[in-house]
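Take a look at the structure below.
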Number of protein chains: 2
Amino acid sequence: MLARVPKRPTLQDVADAVGLAPATVSYALRGERGSDETVARVRAAAARLGYEVNPIAAALASGRSRTVAVLCGSTRDLWQQSLVAALARELMNRGWHAIVADADGHPEREDALLAQLRAQRPAGLLVAPLDPFAEQWEAVASQLPLVAIGDRLSRAPSAGAVVFDNASGVAAVFDHLAELGHRRVAVVLPRRPSTPDRPAERLVAREAKRCRMSVDLVRTPPATADRGEMTAHLAAALAPGPAGTDSPDRPTAAFCLTDSFAFGVLRAARSLDLEVPRDLSVVGFEDVDFADLAGPGLTTVDWGRDAVVGAAVGQLLTALESGRGLEVRTIAPRLVVRGTTGPAPTRR
Amino acid sequence: MLARVPKRPTLQDVADAVGLAPATVSYALRGERGSDETVARVRAAAARLGYEVNPIAAALASGRSRTVAVLCGSTRDLWQQSLVAALARELMNRGWHAIVADADGHPEREDALLAQLRAQRPAGLLVAPLDPFAEQWEAVASQLPLVAIGDRLSRAPSAGAVVFDNASGVAAVFDHLAELGHRRVAVVLPRRPSTPDRPAERLVAREAKRCRMSVDLVRTPPATADRGEMTAHLAAALAPGPAGTDSPDRPTAAFCLTDSFAFGVLRAARSLDLEVPRDLSVVGFEDVDFADLAGPGLTTVDWGRDAVVGAAVGQLLTALESGRGLEVRTIAPRLVVRGTTGPAPTRR
DNA sequence: ATCCCCTAGTGAAGCGCTTCACGCGACTGC
DNA sequence: GCAGTCGCGTGAAGCGCTTCACTAGGGGAT
């Protein structure tokens, strides 16, 4: 038989202890009303009794809670995994709670998940890379403060966002590759059937033109448990053309819009017997904590996870606590040159 | 001005719709009572109205919730990060919610975090690697179903656990290294001042003896944002001794009890100009999703994250839903040989 | 001295659900 | 035919908090 759970003190207990009404105690603890002296007495009594408000009761009574829902596209993606962990940590540190969900790579599940999350009556919502074009966001954002991370939600003007200055990031990458003499670069991006003409592609096209480079667009299936498919796909895209032609008849650099893809390219390169960076330069576009952990270190565009998390959580909580409005903030990325980029192989 | 949030239907609304008492509806929706016909009618009405129970009100009234708190030592640890993400996903898929917190590497914060989590009145608790010897677990486990992951909580007999059969994992590693001719191995483990004589160390000592190998115990600071400290520490431990002595006067293999440490060793090796696996073999002891992502692929002991998550969540929810007791389950690890281990360098 | 307003504090009504204790009719067994 | 059961359904009491509407008293302005 389990020991009985010791009963926690309630607001009423504190009220009895100080000889005031529960309402007074409630106001005092939140510092909303009451004389300084009363507030002090109430706080002291609460501390003495070990009282803590029951957030569930508070949420029911007020219709609000100190809980934020975090929804992301897939925690199998390394960047998102690290992002979600950091978001949860930051929320916790600020005295809030996170309930997290991920669509696990199935965008069609988003609706159901969102409903499931909202059933918990979160005070706000943080959404990490999902389909930013979906119509639903408009309805959601009009009811619940929402901050998107990575992309502004084009259909939801009232939502806040923390976006990356992709233009400068992409420009930095192309400059870097151009300097190293690369003239043909594979751009690896996710295969997203639903959103044609993505800004990222236009950006890439523009920068490539500026640097006078040709681009192979490689649309890649997402990282699943079985990475074989992704690797094979990338290997096919990076393999040299028919023998006898000018070597290398293939991109000499790969620019991956996700670090997972970059790791995929590294695997593909190994399977093709291409040495990095001698035969192939590889650039990522995130900065998972461990991009520099293994091998020669991945050259990558660092999105500054901590800055992003700070901006997103800070913005949301400020809006929640002081009613200020949400806005779109831009975080400037930084190119981190490590070991996977080098001079383009010279033609023999 | 925001559009008004459409009022959600309540239990009362459903009751009115079917002409029954709220109590009846409540029982019917949970399938606890009522004739089949009534249950069907109630369910139909609920579906028609788009009714969903308000989990907050339910939690307040019943003192229980479909929420599980997940507490871990540090989501900066790659394994734990991936574990937490998988736990949250699994819980969500089963219709439960996760609220997560991590001590961020500060065991002394655990108490406060636990209090913060428990204030949310979770139905159960999932704790990933933290100090399993702490006394507090006893009190916690006696009040709240708790499943530990990675270590059985020695002070809390009523807690469930999913543990790894470390003995067979460690044995496999030593066999593997012995077969490759290694005679001196560095064992890299976390620096945990408070828990002397850890079983892991005894295990290592026993297996080393069995395989007639000598061991350098390397206690390493945890992976912080600045990985320099860790790398330097490891480099010092792996550097050859004074020149002129029998070469290599250093461990020829490193066995890391955490994959983060393995990546640290890889960095240290690079800084020492040791080639892996020619000069130094490296074995990890986890299997973060991406141990095979970069470089030659890390030889590692695979803890089978999905099996672990399934066992932990399954056990906890079964206990919660059907009142069955908790138990200690053991997951057998698997040695995955990849590219970071090879024959010991021969003495010149 | 009068009026008004402002502040501190309070009573009571919920928030939306669960659950206890009970009424009622139908069924069983003798 | 009658007490004892059993299953269905219900009224009402909370769970612990917030918040509205209000009272009482203490200035300041007039």
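All chains are named by letter (A, B, ...) in the order of the sequence lines, taking the proteins before the strands, and each is independently numbered beginning at 1.
- A:Ala101 approaches A:Leu113 most closely through the heavy-atom pair CB-CD2, 3.9 Å.
- When all heavy atoms of B:Arg66 and B:Arg94 are compared, the closest pair comes out as NH2-O, 3.6 Å.
- Minimum heavy-atom separation, A:Met92 to B:Val100: SD-O, 3.7 Å.
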Output side-chain donor-acceptor pairs under 3.5 Å for residues 21-33 of chain A, partner residues at least two apart or in another chain, one line each.
unit_1, atom_1, unit_2, atom_2, d
A:Ser26, OG, A:Arg30, NH2, 2.8
A:Arg30, NE, A:Ser26, O, 3.2

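- In terms of modelled atom types and a separation under 3.5 Å, the side chain of A:Ser74 and the main chain of A:Ala103 share no donor-acceptor contact.
- For the atom pair CG of B:Leu126 and CG of B:Leu71, the computed distance is 10.0 Å after rounding to the nearest 0.5 Å.
- Defined by atom type and a distance below 3.5 Å, a donor-acceptor pair is missing between the side-chain atoms of B:Gln116 and A:Trp96.
- B:Leu117 and B:Ala69 make their closest contact through CD1-CB, 3.9 Å (heavy atoms, listed as atom of the first residue, atom of the second, distance).
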Taking only N/O atoms, report every protein-nucleotides 21-25 of chain D pair under 3.5 Å with atom names and distance.
unit_1, atom_1, unit_2, atom_2, d
D:dA21, N6, A:Arg33, NH2, 3.4

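- A residue-by-residue look at B:Glu32 and A:Ser35 shows that A:Ser35 has its nearest nucleotide of DNA chain C further toward the 5' end.
- Proximity of residues 11-22 of chain B to DNA chain D (heavy atom under 4.0 angstrom from any strand atom) is restricted to B:Leu20, B:Ala21.
- Residue B:Thr38 has no polar side-chain atom (N or O) positioned under 4.0 Å from OP1 or OP2 of D:dC8.
- Contacts of residues 58-68 of chain B with DNA chain D (heavy atom under 4.0 Å): B:Leu60, B:Ala61.
- Going from atom CD of A:Glu327 over to atom CZ of A:Arg152 covers 11.5 Å, rounded to the nearest 0.5 Å.
- Between A:Val127 and A:Leu146 the shortest side-chain heavy-atom distance falls below 4.5 Å.
- When DNA chain C is scanned in the 5' to 3' direction for atoms under 4.0 Å from non-hydrogen atoms of chain B, the outermost contacting nucleotides are C:dG16 to C:dA21.
- In this pair, B:Trp79 and B:Trp303 present their aromatic rings perpendicular. The plane angle is above 60°, beyond the 30 to 60° band.
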Please list every donor-acceptor pair under 3.5 Å in which a side-chain atom of residues 50-63 of chain A meets a protein atom from a residue at least two apart or in another chain.
unit_1, atom_1, unit_2, atom_2, d
A:Asn54, OD1, A:Ile56, N, 2.8
A:Asn54, OD1, A:Ala57, N, 3.2
A:Ser62, OG, A:Ala58, O, 2.7
A:Ser62, OG, A:Arg64, N, 3.1
A:Ser62, OG, A:Arg64, O, 3.3

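- A residue-by-residue look at A:Thr24 and B:Asp36 shows that B:Asp36 has its nearest nucleotide of DNA chain D further toward the 5' end.
- Pairing each heavy atom of B:Leu144 with each of B:Pro122, the nearest pair is CD1-O, 3.4 Å.
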